[in-house]
Amino acid sequence: MNLRMGVFGHPIGHSMSPAMHNAALAEVGLQGSYGAYDIHPEDLEEAVRSLREDQFRGVNVTLPHKVNVMPFLDEISSDARTIGAVNTIVQENGRLIGYNTDGQGYLDSLLTESGEELKNKKVLIIGAGGAARAVAVSLLKYGVQVLAITNRTMSKAKEIARICEPVGPVSVLPSTIAQANLTGFDVIINTTSIGMAPDIDRMPFSLETLKRDSIVSDLIYTPLKTRWLQVAENKGAKTINGLGMFINQGAIAFELWTGRKAPREKMKQTVLDALKKQEAPK
Ligand code: NAP
């Protein structure tokens, strides 16, 4: 069996997914290939149709297609439906099924890397974009004690609270209030793009009043240590970058496509090597 897989996005040039998944296929001894496909939004429906004709086992879907791809699929998993976005498509007997592995990927990383039971924790999410939706739904399904969200655009934070209603309550806080009450949170998660390369000096939030034993997490992994994580670490917090989320969302997709346990360590090392290459002076 020759497995055909890939990622749809626009732009897609810097995606680490092909290197990660091709290394994973080789590591477990499966025949197949994973390619990067730059799909213009206008061509998305046709590209999804071609998955059937060209007998793809599945694809990942990244920005800007995670929401717009949904009407072109035959079935949507309940997680992806709640989150309102799909990042993985699996073809089963000609039917295209949409999943969202971002939220579970994030939760797995947070639990493993913090080494802590999080059910008694008060959690603050900063940002209310697509990634925040997946993170919020997964944290609520897992069952944290308190979940609050703050965002520059309040209407988007309120929208996340609305989609989360069937799963659990989310408090929406203006950033001034969230900032003033930082000591009230045990876990603080940056889901905004602030601090991502090339704007590496920017911070999404002041950590002036951070508690020493907090967990501070950033979804960004370029750079691996954002300025925000560095400041949190200097204040004695446990810090977690976005690499684990990226590896885990890919690993869960790989397991859906292949039915085999994903070689997470090999996938992580491949991405770290690719990141090093990207950062090396040309
Ligand atoms: P998105 O939907 O575009 O959301 C961006 C978020 O950042 C929004 O909350 C936006 O606020 C906020 N933001 C952007 N610029 C801002 C600024 N100048 N001031 C204040 N807020 C600002 O993006 P996304 O897909 O959620 O991705 C967000 C981040 O997560 C990115 O850095 C992405 O690389 C990372 N991510 C990582 C993984 C992983 O596997 N590790 C997976 C997915 C995403 P407004 O709503 O006010 O615009």
Side-chain angles (χ1 to χ4, degrees), residues 79 82-85 100-195 203-221 226 228-229 231-233 235-246 248-249:
D79 269 5
T82 310
I83 293 164
N100 190 307
T101 68
D102 282 333
Q104 189 60 46
Y106 177 75
L107 182 63
D108 290 351
S109 153
L110 186 63
L111 289 169
T112 310
E113 293 178 52
S114 71
E116 290 194 36
E117 155 73 44
L118 301 172
K119 295 216 190 260
N120 58 349
K121 302 287 187 199
K122 299 188 172 102
V123 181
L124 173 66
I125 295 178
I126 306 166
R133 293 167 83 105
V135 168
V137 168
S138 295
L139 287 171
L140 284 174
K141 283 184 103 171
Y142 169 78
V144 294
Q145 193 186 98
V146 168
L147 185 62
I149 186 160
T150 184
N151 189 44
R152 173 179 63 178
T153 310
M154 286 296 281
S155 58
K156 283 168 75 180
K158 287 181 185 156
E159 173 61 10
I160 293 195
R162 191 191 64 75
I163 64 150
C164 284
E165 255 167 34
V167 195
V170 178
S171 312
V172 176
L173 303 178
S175 56
T176 45
I177 304 285
Q179 191 76 74
N181 288 291
L182 209 59
T183 50
F185 294 99
D186 310 300
V187 182
I188 301 155
I189 305 165
N190 174 37
T191 74
T192 76
S193 43
I194 301 173
M203 301 230 311
F205 224 62
S206 162
L207 292 173
E208 198 78 27
T209 57
L210 187 74
K211 287 193 295 189
R212 261 195 79 75
D213 57 350
S214 310
I215 297 170
V216 175
S217 151
D218 201 327
L219 266 52
I220 294 170
Y221 57 95
T226 54
W228 198 62
L229 286 189
V231 170
E233 190 180 291
K235 285 186 155 281
K238 200 179 264 183
T239 58
I240 299 171
N241 67 23
L243 183 64
M245 173 181 183
F246 179 69
N248 286 328
Q249 62 74 33

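We count residues from 1, following the sequence as given.
- For Asp108, the salt bridge (Lys or Arg N to Asp or Glu O under 4.0 Å) criterion is met by no residue, not counting sequence neighbours.
- When all heavy atoms of Leu118 and Ser114 are compared, the pair lying nearest together is CD2-OG, 4.1 Å.
- By the side chain to side chain contact (heavy atoms under 4.5 Å, CB included) test, Ile194 is found to be paired with Thr192, Arg202, Pro204, residues two or more places apart in sequence or in another chain being considered.
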Hey, mind stepping through Ser109 and Glu113 against side-chain hydrogen bond (donor to acceptor under 3.5 Å, both in side chains) and telling me if it holds? CA-CA 6 Å; Ser109 153; Glu113 293 178 52; 3.0 Å; yes
Would you tabulate the side-chain donor-acceptor contacts of residues 129-137 under 3.5 Å, counting partners in other chains and residues two or more places apart, or write 'none'?
| from | atom 1 | to | atom 2 | distance (Å) |
| --- | --- | --- | --- | --- |
| Arg133 | NE | Ile83 | O | 2.9 |
| Arg133 | NH2 | Ile83 | O | 3.4 |

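- Applying the side-chain hydrogen bond (donor to acceptor under 3.5 Å, both in side chains) criterion to Lys235, with sequence neighbours excluded, gives no partner residue.
- Between the OG1 atom of Thr226 and the CE atom of Met203 there is a distance of 8.5 Å, given to the nearest 0.5 Å.
- Checked by atom type and distance alone, the side chain of Thr239 never pairs as donor or acceptor with a backbone atom of Glu233 at under 3.5 Å.
- For Asn248, the side-chain hydrogen bond (donor to acceptor under 3.5 Å, both in side chains) partners two or more places apart in sequence, or in a different chain, are Arg264.
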Could you walk me through whether Ile240 and Asp218 pass the side-chain contact (heavy atoms from CB on, under 4.5 Å) test, one step at a time? CA-CA 6 Å; Ile240 299 171; Asp218 201 327; over 6 Å; no
Run the side-chain contact (heavy atoms from CB on, under 4.5 Å) check on Leu107 and Leu139 step by step: do they pass? CA-CA 7 Å; Leu107 182 63; Leu139 287 171; 4.0 Å; yes
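- Remark: Ser193 engages Met196 in a side chain to side chain contact (heavy atoms under 4.5 Å, CB included) (not counting sequence neighbours).
- Inter-residue side-chain proximity for Phe205 and Asn190 is flagged as unmet; no heavy-atom pair is nearer than 4.5 Å.
- Ile189 is not listed as a side-chain neighbour of Ile126, based on a closest heavy-atom distance of 4.5 Å or more.
- In terms of heavy atoms, Val216 sits closest to Ala237 at CG2-CB, 4.0 Å.
- Lys141 is listed as a side-chain neighbour of Asp79, based on a closest heavy-atom distance under 4.5 Å.
- With a 4.5 Å cut-off on side-chain heavy atoms, Ser214 and Lys238 do not count as touching.
- With sequence neighbours left out, Glu117 forms a side chain to side chain contact (heavy atoms under 4.5 Å, CB included) with Lys119, Tyr142.
- Remark: Thr101 pairs with Asn87 by the side-chain hydrogen bond (donor to acceptor under 3.5 Å, both in side chains) rule, at least two apart or across chains.
- Across every non-hydrogen atom of Leu110 and Ser217, the tightest pair is CD1-CB, 4.4 Å.
- Listed by first and then second residue, the side chain to side chain donor-acceptor pair (under 3.5 Å) pairs involving residues 155-170 are Glu159-Arg162 (not counting sequence neighbours).
- Listed for the Ser138 side chain is a donor-acceptor partner under 3.5 Å among the backbone atoms of Gly103.
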Which side-chain N or O atoms in residues 181-188 pair as donor and acceptor under 3.5 Å with protein atoms at least two apart or in another chain?
| from | atom 1 | to | atom 2 | distance (Å) |
| --- | --- | --- | --- | --- |
| Asn181 | ND2 | Ile177 | O | 2.8 |
| Asp186 | OD1 | Lys211 | NZ | 3.0 |
| Asp186 | OD2 | Lys122 | N | 2.7 |

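- Residue pairs that meet the salt bridge (Lys or Arg N to Asp or Glu O under 4.0 Å) test with at least one member in residues 142-153, sequence neighbours left out, do not exist here.
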What's the verdict on side-chain contact (heavy atoms from CB on, under 4.5 Å) for Gln179 and Glu208, showing C-alpha distance, side-chain angles and the deciding distance? CA-CA 9 Å; Gln179 191 76 74; Glu208 198 78 27; over 6 Å; no
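- At least one donor-acceptor pair under 3.5 Å links the side chain of Asn100 to the backbone N or O of Ala85.
- Summarising the geometry, atom CG belonging to Leu124 is positioned 7.0 Å from atom CG belonging to Leu173; distances are rounded to the nearest 0.5 Å.
- Residues Asn151 and Ala157 come closest through the heavy atom pair CB-CB, 4.1 Å.
- For Tyr221, the ring-ring contact (aromatic ring centres under 6.0 Å, His included) partners at least two apart in sequence or on another chain are Phe246.
- Counting all heavy atoms, side chain and backbone alike, Ala128 lies closest to Ile149 at CB-CD1, 4.2 Å.
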Could you walk me through whether Thr82 and Val167 satisfy the side-chain contact (heavy atoms from CB on, under 4.5 Å) test, starting with their C-alpha distance in whole Å, then the side-chain angles of each, then the deciding distance to 0.1 Å, before giving a yes or no? CA-CA 9 Å; Thr82 310; Val167 195; 3.8 Å; yes
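- Residue Leu140 holds its CG atom at 9.5 Å from CD1 of Ile163, rounded to the nearest 0.5 Å.
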